[in-house]
There are 2 protein chains.
Amino acid sequence: MTTIMVDPGPEAPERTIAERAYRLLRDDIISGDLAPGLKLKIEMLRQRYGLGAAPIREALARLSSDHLVRLEGQRGCEVVPMSVADARDVGHVRKMLEAEALRISIANGDDAWEADVIAAFHRLESIERKINQGIDDLAEWERRNKQFHVALVAACDSPWLFRLRRQVFDQHERYRRLSRVRTVRTRDISLEHRALFEAALDRDIEKAVTVIGAHIQGTTDAVSNALSTGSKHS
Amino acid sequence: MTTIMVDPGPEAPERTIAERAYRLLRDDIISGDLAPGLKLKIEMLRQRYGLGAAPIREALARLSSDHLVRLEGQRGCEVVPMSVADARDVGHVRKMLEAEALRISIANGDDAWEADVIAAFHRLESIERKINQGIDDLAEWERRNKQFHVALVAACDSPWLFRLRRQVFDQHERYRRLSRVRTVRTRDISLEHRALFEAALDRDIEKAVTVIGAHIQGTTDAVSNALSTGSKHS
DNA sequence: ATTTTTAAAAATATCGATATTTTTATTGAC
DNA sequence: GTCAATAAAAATATCGATATTTTTAAAAAT
């Protein structure tokens with residue numbers, strides 16, 4: 001077992017209320033339950049989560065450095081707004097980070113890494129099959145999709161690359177979720193995942209990088225289409 | 001004037017005590033006044049800065065997402081430790097981010113950008129001359145060095161790239177400062193800066209990317225030498 | 001009918017106090 | 001003398017209250 005231990009990221013066990021608040025807010029912002037641009041009033045959040053003001057404030061401070069929340073001097077804070085331009089920017093940067101992380105991971109990955117990738121892929125495939133049959137569990141798909149992508153880069157022995165990749169992945173996820181509400185699924189993402197999976201296990205770095213690039217670009221395009229067409233109504 | 005407006009980053013005008021605390025702590029961590037690994041006790045910080053506990057806690061929360069401070073559940077927090085491995089990792093990622101940002105910036109930069117780069121370069125050169133003559137103002141050098149590097153990538157129209165670049169630059173700066181205490185200056189950094197400056201104004205993207213890569217690698221090597229030789233004593 | 005002033009309401013940022021948890025020190029057992 | 005259990009001290013996390021600032025609403029003036 002050589003698969004590298006990377007720091008737990010924001011997913012450590014919750015020892016304090018502040019951590020809990022951080023997780024809750026984070027999830028709700030990424031999922032869109034707290035809409036982009038929404039003013040985050042402390043009292044409102046207190047009621048929503050049943051937590052005290054102090055832990056919530058701390059959580060908001062952390063989220064501001066994650067660029068999910070915007071602090072504004074003496075006038076509270078808001079969920080970071082979303083835009084087509086930002087979606088493209090996030091896509092571009094994510095492409096770069098994923099590509100580099102994937103390069104390193106494929107070069108370093110050992111047996112345990114392969115096993116994890118295989119497992120994650122199968123879990124993802126099985127839910128994608130269900131979804132194609134009409135059974136709708138997007139939340140679970142989101143989870144497994146994330147796990148698959150994490151598994152691919154898990155052997156990247158660069159904590160910094162890993163961290164930044166994660167941050168930008170989350171940003172991208174927010175766009176994916178925002179646009180999925182409005183869009184019809186047109187491309188076959190399962191196919192892209194399979195291509196990615198096979199390239200990774202073949203240790204074909206250039207192929208894998210090309211595929212992940214196309215994959216991310218595809219998502220980015222879908223997102224910016226959905227956003228620019230569907231932004232007036234709704 | 002096309003030079004792109006990028007968000008102020010963590011350098012907005014200070015409207016609250018929490019922001020002030022953030023800035024103070026941040027500067028002290030990057031400069032090394034608060035040593036790597038140091039336990040940050042609230043009472044200690046209260047005394048040090050003459051601020052209340054609540055704003056300090058908020059600042060620490062923000063810094064934890066910047067990865068300058070490590071929160072640890074129910075047992076306070078500490079300045080993120082430093083290591084040779086981390087220095088190399090930071091160097092590697094910084095190289096990648098600076099290169100890409102520089103590519104975009106050189107491609108986009110207009111007259112105003114050129115003017116700013118020229119100005120920043122001259123400011124940096126003049127202090128480097130002074131330092132070579134023995135006049136020691138490292139703090140000012142650090143400031144101008146940072147400004148020069150910012151000027152180079154100022155026309156990078158990718159807020160995300162800009163933001164991540166800045167974060168990693170700060171991390172790298174912490175290592176530079178830590179190691180400068182112990183090291184004799186051996187390479188001629190002014191020369192590297194001049195090469196970078198000229199390549200940028202010539203719009204020679206590949207050259208500029210090569211030079212910045214070597215520049216960062218040089219710093220990284222100096223840092224990891226200083227750290228691995230001088231780590232026992234001191 | 002705007003715009004400006006003034007007053008009221010709301011929301012934020014901060015403080016001081018307290019309950020909990022962790023760390024340190026002490027005692028007692030083997 | 002080392003280890004475990006216990007007690008004291010220290011430090012953290014959280015709450016409730018308050019002072020400040022911003023926003024909203026109302027009144028007055030041009």
Side-chain angles (χ1 to χ4, degrees), chain A residues 7-29 34-81, chain B residues 8 10-29 34-81:
Chain A
D7 76 335
E11 245 116 55
E14 276 160 22
R15 305 186 64 82
T16 74
I17 300 179
E19 270 164 23
R20 166 148 253 275
Y22 175 70
R23 188 90 55 96
L24 289 169
L25 276 163
R26 192 168 184 286
D27 289 350
D28 282 351
I29 291 170
L34 293 173
L38 180 69
K39 188 83 203 305
L40 293 172
K41 306 220 180 90
I42 301 291
E43 187 50 34
M44 182 270 256
L45 298 173
R46 266 179 53 94
Q47 306 247 329
R48 182 180 175 113
Y49 300 114
L51 304 173
I56 288 176
R57 284 186 123 291
E58 267 177 51
L60 291 171
R62 284 178 71 178
L63 289 166
S64 80
S65 271
D66 292 340
H67 210 259
L68 286 169
V69 156
R70 224 172 78 86
L71 298 182
E72 240 181 319
Q74 200 75 252
R75 66 203 66 141
C77 56
E78 62 174 31
V79 177
V80 169
Chain B
E11 245 115 57
E14 277 162 21
R15 304 185 64 82
T16 76
I17 299 180
E19 271 164 23
R20 167 147 249 276
Y22 175 70
R23 188 89 54 95
L24 289 169
L25 275 163
R26 192 168 183 286
D27 289 350
D28 281 351
I29 291 170
L34 293 173
L38 180 70
K39 188 82 202 303
L40 293 172
K41 306 218 180 92
I42 301 291
E43 187 49 35
M44 182 271 257
L45 298 173
R46 267 179 53 96
Q47 306 247 330
R48 183 181 175 112
Y49 300 114
L51 304 173
I56 287 177
R57 284 187 124 287
E58 267 178 50
L60 292 171
R62 284 179 70 179
L63 289 166
S64 80
S65 271
D66 293 340
H67 209 258
L68 286 169
V69 156
R70 226 172 79 86
L71 299 181
E72 239 181 319
Q74 200 75 251
R75 66 203 66 141
C77 56
E78 62 174 31
V79 178
V80 168

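Hydrogens, waters and symmetry mates play no part in the numbers below; they use all other heavy atoms, side chains included. Lettering follows sequence order; numbering is per chain, from 1.
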As a quick check of understanding, evaluate side-chain contact (heavy atoms from CB on, under 4.5 Å) for A/Tyr22 and B/Leu71, giving each step before the final call. CA-CA 13 Å; A/Tyr22 175 70; B/Leu71 299 181; over 6 Å; no

Near DNA chain D, counting only heavy atoms under 4.0 Å, which residues of residues 70-79 of chain A show up? A/Gln74, A/Arg75

Residue pair A/His67 / A/Val80: nearest heavy atoms and the distance that separates them: O-CG2, 3.6 Å

Sorted by chain and residue number, the side-chain contact (heavy atoms from CB on, under 4.5 Å) partners of A/Pro81 (sequence neighbours excluded) come out as A/Glu78

Angle between the end axes of the helix from C/dA1-D/dT30 to C/dC30-D/dG1, five pairs per end, to the nearest 10 degrees? 20°

How close do A/Gln74 and B/Arg15 get, counting heavy atoms only, and between which atoms? NE2-O, 3.4 Å

Between A/Ser64 (side chain only) and A/Ala61 (backbone N and O only), is there a donor and an acceptor less than 3.5 Å apart? yes

Quiz: residues 50-59 of chain B side-chain donor-acceptor pairs under 3.5 angstrom, not counting sequence neighbours:
residue	atom	partner	partner atom	Å
B/Arg57	NH1	A/Glu58	OE1	3.0
B/Arg57	NH1	A/Glu58	OE2	2.6
B/Glu58	OE1	A/Arg57	NH1	3.1
B/Glu58	OE2	A/Arg57	NH1	2.7

With sequence neighbours excluded, tell me which residues meet side-chain contact (heavy atoms from CB on, under 4.5 Å) with B/Leu40. B/Leu34, B/Leu38, B/Met44, B/Leu45, B/Leu60, B/Val69, B/Cys77, B/Val79

For DNA chain D, note the earliest and the latest nucleotide, 5' to 3', having some atom under 4.0 Å of a heavy atom belonging to chain A. D/dA13 to D/dT23

Assign A/Leu40 to base, sugar-phosphate, or nothing according to its heavy-atom contacts below 4.0 angstrom with the strands shown. sugar-phosphate

Please work out if B/Arg15 contacts a base, only the sugar-phosphate, or nothing of the nucleic acid, heavy-atom cut-off 4.0 Å. sugar-phosphate

At their closest point, which heavy atom of B/Glu19 faces which heavy atom of B/Glu14, and how far apart are they? OE1-CA, 3.4 Å

For a quick test of reading the model, state the closest non-hydrogen atom pair linking B/Arg75 to B/Lys39 and the distance between them. O-CE, 3.3 Å

